[in-house]
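Bear in mind that the values here come from a model prediction, so they are computed numbers and not experimental data. All values below were derived from every heavy atom in this structure, side-chain atoms included, with hydrogens, water molecules and symmetry-related copies excluded.
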Amino acid sequence: GQYNIDWFTEGLFRLIIKILYNIFGEPISLFVLFSILISFVFSLCYSSYGKTKKVYVYIILFVISRYYFCSLNIMRQALAMMMILYSMQFIAKKKFLKYALVVLLAGGFHYTSYIFLPLYFTLSSL
């Protein structure tokens, strides 16, 4: 296998690729790491939302996200999406800093996450 960081522009994602390449030298390490990260963030969502009936949405999303393992590009989208879902709890709690930090961290994997930053101001005013 071969790594090619020129395909991606997100800084955090490129850094992870470089680190894993220097340690393992095999692209499969990216799939393993992202499997672990997606599962970890899902478990955060589950522990945060699992006490309500909304948990089914996250379980369905997690099962559907298994199909995202067909490419690295889609895997990073899945991780970013799961992080955005986790951050939604901070809107209800009116904790902008925590919300913004999770969204910004998700943006390190996929730039489209940044479009969710204004969502806090829209939903927290309701």
Over all atoms of both residues, closest heavy-atom pair of [X] and [Y]:
X      : Y     : answer
Cys45  : Met82 : SG-O, 3.7 Å
Tyr99  : Ile91 : CE1-CD1, 3.6 Å
Ser113 : Ala80 : OG-CB, 3.4 Å
Gly108 : Glu10 : O-CB, 3.1 Å

So, taking the atom named [atom1] in [X] and the one named [atom2] in [Y], what distance separates them when rounded to the nearest 0.5 Å?
X      : Y      : atom1 : atom2 : value
Ile16  : Arg76  : CD1   : CZ    : 11.5 Å
Ile84  : Leu117 : CD1   : CG    : 7.5 Å
Met88  : Leu123 : CE    : CG    : 7.0 Å
Leu101 : Leu105 : CG    : CG    : 8.5 Å
Leu30  : Ile19  : CG    : CD1   : 11.0 Å
Lys98  : Lys93  : NZ    : NZ    : 7.0 Å

If Ile, Leu, Val, Met, Phe, Trp and Tyr residues are connected whenever their side-chain heavy atoms lie under 4.5 Å apart, and connections chain through other members, are [X] and [Y] in the same group?
X     : Y     : answer
Phe24 : Ile28 : yes
Tyr86 : Leu97 : no
Leu12 : Ile23 : yes

Beyond-backbone contact of Leu85 with Phe42, side-chain heavy atoms, under 4.5 angstrom: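 Result no, sub-4.5 Å side-chain heavy-atom pair not found.
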Does the side-chain contact (heavy atoms from CB on, under 4.5 Å) test come out yes or no for Phe109 and Met83, once each step is laid out? CA-CA 10 Å; Phe109 293 105; Met83 294 172 79; 4.0 Å; yes
Going by the rule ring-ring contact (aromatic ring centres under 6.0 Å, His included), which residues pair with Phe13 if we only count those two or more places apart in sequence or in a different chain?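 By the ring-ring contact (aromatic ring centres under 6.0 Å, His included) rule, Phe13 matches Phe8, Phe34.
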The ring-ring contact (aromatic ring centres under 6.0 Å, His included) partners of Phe40 (sequence neighbours excluded) come to none
Verify the ring-centre separation between Phe116 and Tyr120: is it less than 6.0 angstrom? no
Please check this pair: side chain of Ser47 against backbone of Leu44, looking for a donor-acceptor N/O pair closer than 3.5 Å.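 Yes.
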Counting distance only, does the side-chain N/O of Tyr111 pair as donor-acceptor with the main-chain N or O of Thr9 below 3.5 Å?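 Confirmed, Tyr111 side chain pairs with Thr9 backbone.
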